[in-house]
Amino acid sequence: MAIELEFPDGQKKEYPVGTCGREVAISISERLGKQAIAARLNGVLRDISTPIENDAKIELITLSSDDGLDIYRHTAAHLMAHAVKDLYGDDVQVTIGPSIENGFYYDFYSEKHTFTPEEFEAIEKRMTELAAADLPIQREEMDRDQAIRLFRDMGEAFKVELIEDLPDEKVSIYRQDDFADLCRGPHLPSTKYLKAFKLTSVAGAYWRGDEHKAMLQRIYATAFLDKKALKAYLHKLEEARKRDHRKLGKELDLFSFSEEAGAGLVIWHPKGALLRTLLEDFERREHLKRGYEIVIGPQILRTELWKTSGHYNNYRENMYFTEVDGQSYGIKPMNCLSHMLIYKSKLRSYRDLPLRFFELGTVHRHEKSGVLHGLLRVREFTQDDAHLFCTPDQLHEEIKGVLGFVQDVMGIFGFEYELEVSTRPEKSIGTKEDWDRATNALMEALRETGLPFDINEGDGAFYGPKIDVKLKDALDRRWQCATIQCDFTLPERFDLTYVGKDGEKHRPVMLHRVILGAIERFVGVLIEHFEGKFPLWLSPVQAVVLNVTDNQQKYAEKVFSQLLDLGLRVKKDFRNEKLSFKIREAQQEKTPYMLVIGDQEMADGTVTPRFRTGKNLNAMTPADFAELVSRECERHQ
RNA sequence: GCCACUGUAGCUCAAUUGGCAGAGCAGCGGUUUUGUAAACCGCAGGUCGUGGGUUCGAAUCCCACCGGUGGCUCCA
């Protein structure tokens, strides 16, 4: 029997026959300063105490690794459940509690008790006591039936249900003191390792993620290896809250929502509307550059057409309907229909393809009330939507073109993003050949760009596979923005054709795609990304003219109108206030440039620009300043 | 939609266990003419989200509805 050990630093070592696994692990862990808390045994994560019975390849896991931290948090989840059971006993049933990014959660079920944040401190206190008690955490394997009996006797019905659904004959449970939990593991050897955790929120969650099943109470918590890291994380959260787009949207007077207008409907104020317009102008330019044609369709289309497209059957509960002259109309939740009508408006030849129809299309979707979230989830929004129609041969190049477009645009804004390919779901239409061809086209194009991507098996639309692009917001939440979707149904349902070289009719391939996604959502992510300090080319107000006293007002007016004429987005503040007061306000509005005009500037025919970082430039003429601004804007576009 | 929490002046927040609704900022009127993040004085501003109910009396307790927050399910 031979054991090959791999240390966290990559160093490897062989151990001789006959060595007991536990001893090896412990002795190694001692050599590492007791840092090893788990091990990857022949590729599988296991407890550090796992006995080794055969030849084995062991990779030691320390807390400083991602796996280690994950195990740490998972054990912390058990600790929380343990504390909750200690405090609330049989009033509360345990269910599951995994580790997540930055922490963990545990779902509890109770008819008698509702958790509130006021109780967090008491739970944390109990957790700290249990951790300090240095309780050994022991794994135990038992037969399914035995485990079912065990948890049934404990009154843990949810655990019983879990075990009943497990395929294995043997299940493992973890014990610490009198607390036992069904768990695959692995876990830390003892509770004493847990040093820094904090309960953060309580929320509802469906049992097994099914909205028809019981509603559980989920307690979210964060956990780090030490108090310092925990504090740093909490500080980061605090900072993130400061850049919340809902807060900044109000402070910067960009947009609002109105209870009177209705939920999920954005009201764009002058500065927000200008920001949005600048984005839209940018989009039109970028699309025209890439061979897209701008089109515009109606906001409502007859319900019959939504029946043809399949939306009436598959998407009706998300749609709004209205009646005109006794005819039923559907308010569009998507822009594809009119684009297809344009395609169908005349006979198409293979020579016409690819066709790329672009529309800044406003859509309405009846989103469930509970999901609305600032600009990130609304009921009326505008997509930078395009539909590409091409021959099967062109598909690959078209997808590559869109991916390149996405890369360019994300680069301009400096966004981090993740890519996912979603493959065929169970409920879907189209032939296997269609799906394979399209999925391969998506993946091949992605491989050629060299960007890393994940595969989301079975998560495609029912009509075709897709690539999703997810941006990260200030709280590290992912928001889907860009998406590229292949569609086999709509060309079929609408009988779209083109005449091929052979003179025969063929079916074009259709791609739905958006780059920013929804302008509303994108603006929301953008606000958080830049913390409201938009780059000059996107700033609704690029500069504000400030006079020091009334004495320079006439000259300042002249400068102001000159800059307006030169195309700058400029405001003036000639109020009878101290300069420092006006600068403070301009700073709070995050205006990029403040143009100070005092007697000196008036005498020289100049302005002194102050950037929002606090940096002053040398005095310059208004024309030179306008030149500087336009140069700076060009760099970003 | 579901679970929990929540709604007071334009904004940010107060209001002892039910007993006359308050502050700062913003606004308005004065004074002040000011050089890089807050000059000073005064005035005005609210049917306490809406509608019911309990009570001698409700911002406060109960119910319904409309919003919002944190999640879940769903999604751009």
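Chain letters run A, B, ... following the sequence lines, proteins first and then strands; every chain starts at 1. Fair warning: this is a prediction, and the values are worked out from it, not measured in the lab.
The side chain of Arg610(A) contributes an N or O atom lying less than 4.0 Å from OP1 or OP2 of A37(B). Considering only side-chain N and O atoms, His373(A) lies under 4.0 angstrom from the phosphate OP1 or OP2 of G70(B). Listed pair Lys250(A) / U12(B) meets the phosphate criterion, a side-chain N or O lying under 4.0 Å from OP1 or OP2. In terms of phosphate contacts, Arg246(A) brings a side-chain nitrogen or oxygen within less than 4.0 Å of OP1 or OP2 of G70(B).
Among the heavy atoms of the strands, none lies under 4.0 Å from Asp210(A). Glu211(A) comes within 4.0 angstrom of the backbone, heavy atoms only, and of no base. Counting non-hydrogen atoms under 4.0 angstrom, Gly598(A) reaches a base of the nucleic acid. When heavy atoms are screened at a 4.0 angstrom cut-off, Thr608(A) is found touching base atoms of the nucleic acid. No contact: Phe257(A) has no heavy atom under 4.0 Å from any strand. Among the protein residues, Asn318(A) comes within range of no part of the nucleic acid, since none of its heavy atoms lies under 4.0 Å from any strand. Within 4.0 Å (heavy atoms only), Glu367(A) reaches at least one base atom of the nucleic acid. At the heavy-atom level, Val371(A) lies under 4.0 Å from base atoms of the strands shown. Heavy atoms of Ala518(A) sit under 4.0 angstrom from at least one base atom. Note on Ser369(A): a base of the nucleic acid sits closer than 4.0 angstrom, heavy atoms only. Using a 4.0 Å heavy-atom distance criterion, Val378(A) is classed as a base contact.
For the residue pair Asp91(A)/His113(A), the side-chain donor-acceptor check at 3.5 Å is not satisfied.
Between the Thr606(A) side chain and the Ala619(A) main chain, no donor and acceptor come within less than 3.5 Å of each other. A donor-acceptor pair is defined here as one N or O able to donate and one able to accept, closer than 3.5 Å; such a pair exists between the side chain of Trp306(A) and the backbone of Gly330(A). Judged by distance alone, the side chain of Gln383(A) and the main-chain N or O of Met334(A) form no donor-acceptor pair under 3.5 Å. A donor-acceptor pair under 3.5 Å links the side-chain atoms of Lys582(A) to the main chain of Arg575(A), judged by distance alone.
Distance check on atom C1': A9(B) versus U16(B) gives 23 Å, rounded to whole Å. A58(B) and G53(B) are spaced 11 Å apart, taking the C1' atom of each and rounding to whole Å. Atom P of U32(B) sits at a distance of 49 Å from the matching atom of G70(B), rounded to the whole Å. Annotation: C63(B) and C5(B) have their P atoms spaced 11 Å apart (nearest Å). Of the C1' atoms belonging to U36(B) and G67(B), the separation is 42 Å, rounded to the nearest Å. Rounded to whole Å, the P atom of G7(B) lies 16 Å from the corresponding atom of U17(B). Separation of the P atoms belonging to C41(B) and A37(B) is 23 Å when rounded to the nearest angstrom. Taking the C1' atoms as reference points, G27(B) lies 42 Å from C3(B), given to the whole Å.
Put simply, CD1 on Ile219(A) is 12 Å from C1' on A4(B), counting in whole angstrom units. Atom P of nucleotide G71(B) and atom CG of Asn102(A) are separated by 13 Å, given to the nearest angstrom. Atom CG in Asn551(A) sits roughly 13 Å away from atom P in G35(B) (whole-Å rounding). Distance CG (Leu372(A)) to C1' (A76(B)): 13 Å, rounded to an integer number of Å. Atom CG of Leu279(A) is separated from atom P of A76(B) by 20 Å (rounded to the nearest Å). As a whole-Å value, the separation of His212(A) NE2 from C2(B) P is 13 Å. Residue Ile519(A) contributes atom CD1, which lies 16 Å from atom P of A76(B) at whole-angstrom precision. One interatomic measurement links the two molecules: OH of Tyr105(A) to P of G70(B), which rounds to 18 Å at whole-angstrom precision.
Residue Ala205(A) has its side chain nearest to C72(B) when only U33(B), C3(B), C72(B) are considered. Proximity note for Arg377(A) (side chain, C-beta onward) versus G1(B), G71(B), A76(B): the nearest is A76(B). Comparing A76(B), G71(B), G68(B) against the side chain of Ala263(A) picks out G68(B) as the nearest. Which of U36(B), G7(B), C72(B) sits closest to the side chain of Glu259(A) comes down to G7(B). Closest to the side chain of Tyr206(A), from the set C72(B), A76(B), G27(B), is C72(B). Of the candidates A39(B), G71(B), A76(B), A39(B) carries the atom nearest the Glu577(A) side chain, counting heavy atoms from C-beta on.
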Original post:
Pairing of RNA chain B as dot-bracket, 5' to 3': ( ) intra-strand, [ ] crossing, | other strand, . unpaired, with Watson-Crick or G-U pairs under 3.5 Å?
Top reply: (((((((..((((.....[..)))).(((((.......))))).....(((((..]....))))))))))))....
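Ion pairing of Lys332(A) with Glu359(A) is present here, as a side-chain N (NZ or NE/NH1/NH2) and a carboxylate O approach within less than 4.0 Å. The existence of a salt bridge linking Arg208(A) and Asp165(A) is confirmed by a sub-4.0 Å separation between a basic side-chain nitrogen and an acidic carboxylate oxygen. Ion pairing of Lys590(A) with Glu251(A) is absent here, as no side-chain N (NZ or NE/NH1/NH2) approaches a carboxylate O to less than 4.0 Å. Taking a cutoff of 4.0 Å between a charged side-chain nitrogen and a carboxylate oxygen, Glu557(A) and Lys554(A) do not qualify as a salt bridge. A salt bridge is defined here as a Lys NZ or Arg NE, NH1 or NH2 lying under 4.0 Å from an Asp or Glu carboxylate O, and Lys466(A) with Glu420(A) fails to meet this definition. Taking a cutoff of 4.0 Å between a charged side-chain nitrogen and a carboxylate oxygen, Lys247(A) and Asp244(A) do not qualify as a salt bridge.
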**OP:** For the pair Tyr593(A) and Glu632(A), evaluate side-chain contact (heavy atoms from CB on, under 4.5 Å) and give the outcome as yes or no after the intermediate values.
**Re:** CA-CA 12 Å; Tyr593(A) 284 106; Glu632(A) 208 171 311; 3.0 Å; yes
**OP:** Run the numbers on Phe415(A) and Val525(A) for side-chain contact (heavy atoms from CB on, under 4.5 Å), then give the verdict.
**Re:** CA-CA 10 Å; Phe415(A) 271 120; Val525(A) 180; 3.5 Å; yes
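Looking at residues 580-597 of chain A, you'll see Ser580(A), Phe581(A), Ile583(A), Arg584(A), Gln587(A), Val596(A) sit with a heavy atom under 4.0 Å from some atom of RNA chain B.
In terms of polar N and O atoms assigned as donor or acceptor, the side chain of Gln552(A) never comes within less than 3.5 Å of the base of G35(B) in a complementary pairing.
Of the two residues contacting RNA chain B, namely Lys368(A) and Thr116(A), the nearest-nucleotide position lying further toward the 5' end is that of Lys368(A).
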